[in-house]
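Letters A, B, ... mirror the listed sequences (proteins, then strands); counts begin at 1.
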Protein chains: 2
Amino acid sequence: MASVDLSVLRRVAPEWLEVVQRRARILQRIRMTQPIGRRLLAADLGMTERVLRAEVDLLRRQGLVQAHATGMWLSDEGQALLEELDQALALMEGREQLGRALSASLGIPEVVVVAGDSDADGWAKDSLGYYAAVRLRNLLRDDDVLAVTGGTTLAAVAQMMPGQGGPRPVRVVPARGGLGENMTLQANTIASAIAAKLGGQSIMLHVPDRLSEDTLERLMAEPEIRERLDEVRQATVVVHGIGDAMKMARRRQLSETEVALLCERGAVSEAFGYYFDREGRPVYAMTTVGLRLDDIAGARVVMAVAGGASKSLAIRSAARAYRIDVLVTDEGAAKGLVAAATAGTAPAAAGQAADTGHRNHQGRENRI
Amino acid sequence: MASVDLSVLRRVAPEWLEVVQRRARILQRIRMTQPIGRRLLAADLGMTERVLRAEVDLLRRQGLVQAHATGMWLSDEGQALLEELDQALALMEGREQLGRALSASLGIPEVVVVAGDSDADGWAKDSLGYYAAVRLRNLLRDDDVLAVTGGTTLAAVAQMMPGQGGPRPVRVVPARGGLGENMTLQANTIASAIAAKLGGQSIMLHVPDRLSEDTLERLMAEPEIRERLDEVRQATVVVHGIGDAMKMARRRQLSETEVALLCERGAVSEAFGYYFDREGRPVYAMTTVGLRLDDIAGARVVMAVAGGASKSLAIRSAARAYRIDVLVTDEGAAKGLVAAATAGTAPAAAGQAADTGHRNHQGRENRI
DNA sequence: ACCACAGGGACATAATATGTCCCAGGAGGG
DNA sequence: CCCTCCTGGGACATATTATGTCCCTGTGGT
C-alpha cells in the first residue's frame with residue numbers, strides 16, 4: 001500500500017487525527033493490561049463505558065481486538081498493527097522529531113519520547129513504563145546484571161513489563177538499599193518484580209537508607225552484604241529514574257540543614273542517591289550503600305526513565321552529570337527541555353549540543 | 001511532513017476514507033464550476049443543501065474554499081492542495097494501479113483513470129471531461145492543429161475545459177462533418193467551444209454526415225471544402241471519443257441492412273466513422289468527409305476519451321485498431337477492461353500485453 | 001431596474017451518540 | 001465445591017448532533 005503525504009489528508013479531514021489517536025490509546029491500553037474488560041478499561045482511559053464500547057466494537061470488526069469471557073485481547077494482527085501505528089503516530093505527532101532534537105541537545109544517543117505528560121495524564125506514566133520496559137527487554141542479554149532503582153517511575157516499568165516473549169535469564173539487583181516507607185517503590189521490590197516478569201533472578205539489599213559512617217563500615221564488613229554489593233557494582237545494565245532534588249530530599253526526610261545545603265548549592269536533580277546542580281556537577285551524596293556514580297562507567301548500557309513537565313530541569317542536569325545511553329521520556333518533559341534549550345539557556349545548551357555532536361552521529365536511534 | 005503507510009491508519013479509522021473522498025469530490029466540483037453557490041452545488045453532487053453546508057463550512061475554516069457574493073471559489077491553497085489530493089486518492093483508491101495495468105494490457109503509453117462510472121454517476125462524465133481537458137491543455141503546443149470529434153464525451157471535455165491559465169493559440173478543427181441532430185454534440189460545435197476556451201481559432205466543416213459517393217466527389221472538388229479538409233487531415237493532435245458500435249449505428253440512423261451487416265461482422269466499437277470488431281479490425285467505414293484512419297498516423301498525439309462500464313469492449317477494440325497515445329477513462333470502464341483481461345479472454349489479453357510490453361516502458365506516465 | 005442566485009440564519013425533526021443500568025456466564029480463589 | 005468478581009451483550013431513556021427545509025437580505029450581471 002502506498003504512502004502518501006499526510007499533511008494533505010489531514011487538511012481535508014482534520015478531525016480524523018484525533019480519532020486515530022483515541023483508538024491508538026485504546027489499543028495501547030489493551031496491550032498493556034490484557035485481558036481487560038470494558039468497564040475497567042473505560043475507567044482507565046477516562047471514558048464512559050458506552051463510548052468505549054462503540055470504539056471497541058469497531059476495532060473488533062476490524063479484527064484488531066478479540067473478545068473473550070475473561071476480557072479483551074489484542075489479536076496477533078492488532079499487535080502487529082499497533083506497533084506500526086506507534087511509529088506512525090510518533091511521526092505524525094512530532095515526537096520522533098522531538099526525540100531527535102533531544103538526542104542532539106542532551107548528547108544522549110537514543111531518546112524515546114512517548115505520548116502524554118506524566119504530571120497531567122494518569123495514563124502517561126504507564127505508557128512511559130511500558131515503552132521503557134519493552135525497550136529494556138529488547139536490549140537485555142542473557143548474561144546481563146541489571147541494576148534498577150526505586151521510585152514511582154521504575155515501579156511503572158516493573159508493572160508494565162510484559163511477562164511474555166521469552167524469558168531473559170538475567171540477574172536483577174537493586175541499585176540502592178531501602179528508601180522511604182512505600183514498599184512498592186523500593187528498589188528491592190522493583191528488582192524482584194522485574195526479575196519475575198523477565199524470568200530471571202533477583203537479589204535483595206537489606207540495608208537501611210541512612211546510616212552513620214560507623215555503621216556503614218561495619219555493614220560493609222559483613223560478608224553477606226559485601227558479596228551482594230560487589231554484584232550490584234558490577235551491573236552491566238543500569239535502569240534508573242531521575243528525581244527532582246527538592247522533592248527527593250523531602251521524601252527522604254532529610255534534615256533542614258541538609259535541605260538548606262542542597263538549596264544553597266543549587267541542586268536540581270537526584271539519581272542513585274547523588275544530587276546534581278543544573279550544570280550536572282555533583283553537589284551532595286548520601287552516605288549509603290549501593291551503586292556509585294563511578295560504577296556506571298563500567299556498565300554496558302545506562303538507561304534513564306523520567307517523564308512529566310516538572311522533570312525537565314532534572315533530566316537536563318542528569319544528562320550533563322553522567323553518561324546516559326538511552327533516555328525514555330514523555331512529551332511533557334521533552335517539550336520543556338526543548339523550550340529551555342531554545343529559550344534563555346540557548347547559548348549554554350547550544351554549546352552542549354556542539355560538544356557532544358560528534359557522538360550523536362554514531363548509533364543514534366529513535367524509537368516509538 | 002512525513003508520509004506514513006496508510007493501510008495502518010485506514011485500518012484503525014476506516015470511515016475516514018469516505019470522508020476524504022466526499023470532500024475531495026466537493027472540492028473537485030467547485031474547481032470545475034466555480035464560482036458556484038451552495039444550492040446548485042448540492043444539486044450537482046446529489047446532496048442536500050444542509051449537508052453540503054456543513055462540509056463547506058469546514059473546508060472554508062481550513063482555508064481551502066473562499067465564499068463570495070457570486071459563489072464559492074477554491075482558494076489558491078485549495079487549488080494546490082486539491083492537485084495533491086487528486087494524486088493521493090488515485091493511489092489510495094487503486095486507480096493509479098488500474099491505469100498501470102491498462103497501460104500494459106492495452107499497449108497505451110499513458111492511461112489516466114478518473115473516479116466514478118460515467119454510466120452510473122452523473123458527475124463522473126464531467127469529471128472525465130475535466131481531467132481530459134486539463135491533460136489536453138497541458139500537452140498542447142502553440143502551433144498544434146487540434147482535431148476533435150463529437151459526442152457527449154467530447155462535449156463534456158469542451159464544457160469542462162478551464163478557460164483560464166494562459167491562451168493556447170492553436171487551431172481547432174472538427175474531425176468529422178455533421179452527425180445527428182443534437183447541436184451540442186456536433187464536432188463543429190465542440191471544436192468551436194474548445195477553441196474559445198483555449199483562446200485559439202476554429203474552422204467548420206459544413207458537410208452533412210451521410211453522402212452519396214457522387215455528391216461526395218463534388219463536394220471534395222469545392223475549393224472551400226478542399227482547403228478545410230486538408231487542414232483537418234494534417235491535425236497534429238487528435239482527441240476523440242470511442243462509441244459502442246450498435247449505439248452509434250442507431251444514433252446515426254443507419255439502415256437495417258447496414259445494422260445487420262455490422263452485427264454480422266461483429267462490430268463493437270466506432271471511432272472517426274469507422275467501425276471495428278473486437279480484435280480491432282475495421283469492418284465498416286462511413287462514406288463521409290473528415291479525418292481518416294491513416295491520417296492519425298501522422299498526428300503527434302492521439303488522445304482517446306471514453307468512460308462507463310458499457311464502453312469496456314469498445315475501448316479495447318479501438319486500442320487494438322489504431323495507435324492511441326493517451327487514454328482518459330474512468331473506473332467503471334477500467335474495471336471492466338481489467339476484469340475482461342483476467343477472465344475468459346485472458347490468453348489473448350496476455351499475449352497482447354506481452355507484445356506491446358517493451359513499448360510501455362518508455363515514456364509511460366500515469367496521472368490523476 | 002430587475003432577476004437569479006448568492007450566503008447566512010432559523011428551527012422542527014430525524015438520527016445518532018451517550019450514560020446507565022441489568023443479565024447470564026465463566027474463571028479463579030478460597 | 002461454591003462464591004465472588006469481572007466479563008461481554010442487551011436494553012433503553014436521554015442528550016447531542018445531523019439534517020431537511022424554509023426565509024431573508026444582498027449583490028452582480030443583463
Could Glu331(B) and Arg95(B) be called an ion pair, given the rule that one side-chain N must be under 4.0 Å from one carboxylate O?
no
Return no unless some side-chain N or O of Arg60(A) is found under 4.0 Å from OP1 or OP2 of dG9(D).
yes
Polar pairs (N or O, both sides) under 3.5 Å between protein and nucleotides 1-6 of chain C?
residue, atom, partner, partner atom, Å
dA6(C), OP1, Gly37(B), N, 2.4
dA6(C), O4', Ala69(B), O, 3.2

Arg53(B) CZ to dC23(D) P, in whole Å, measures 15 Å
Ion pair Glu77(B)/Arg60(B), N-O distance below 4.0 Å
no
Could you check whether Arg31(B) pairs with Asp86(B) (Lys NZ or Arg NE/NH1/NH2 to Asp/Glu carboxylate O, under 4.0 Å)?
yes
State whether the side chain of Lys125(B) and the backbone N or O of Ala156(B) hold a donor-acceptor pair below 3.5 Å, judged by distance alone.
no
Separation of Leu52(B) atom CG from dA18(D) atom P, in whole Å?
15 Å
Between Arg50(A) and Gln66(B), just flag the one whose closest nucleotide in DNA chain C comes earlier from the 5' side.
Gln66(B)
Give the rounded distance in Å between these two atoms: CD of Gln34(B) and P of dG7(C).
13 Å
Atom pair distance, as rounded to whole Å: CD in Glu49(A) and P in dA11(D):
15 Å
Can we say Glu49(B) and Arg38(B) salt-bridge, meaning some charged N sits less than 4.0 Å from an Asp/Glu carboxylate O?
yes
Salt bridge present between Arg29(B) and Asp126(B) (N-O < 4.0 angstrom):
yes
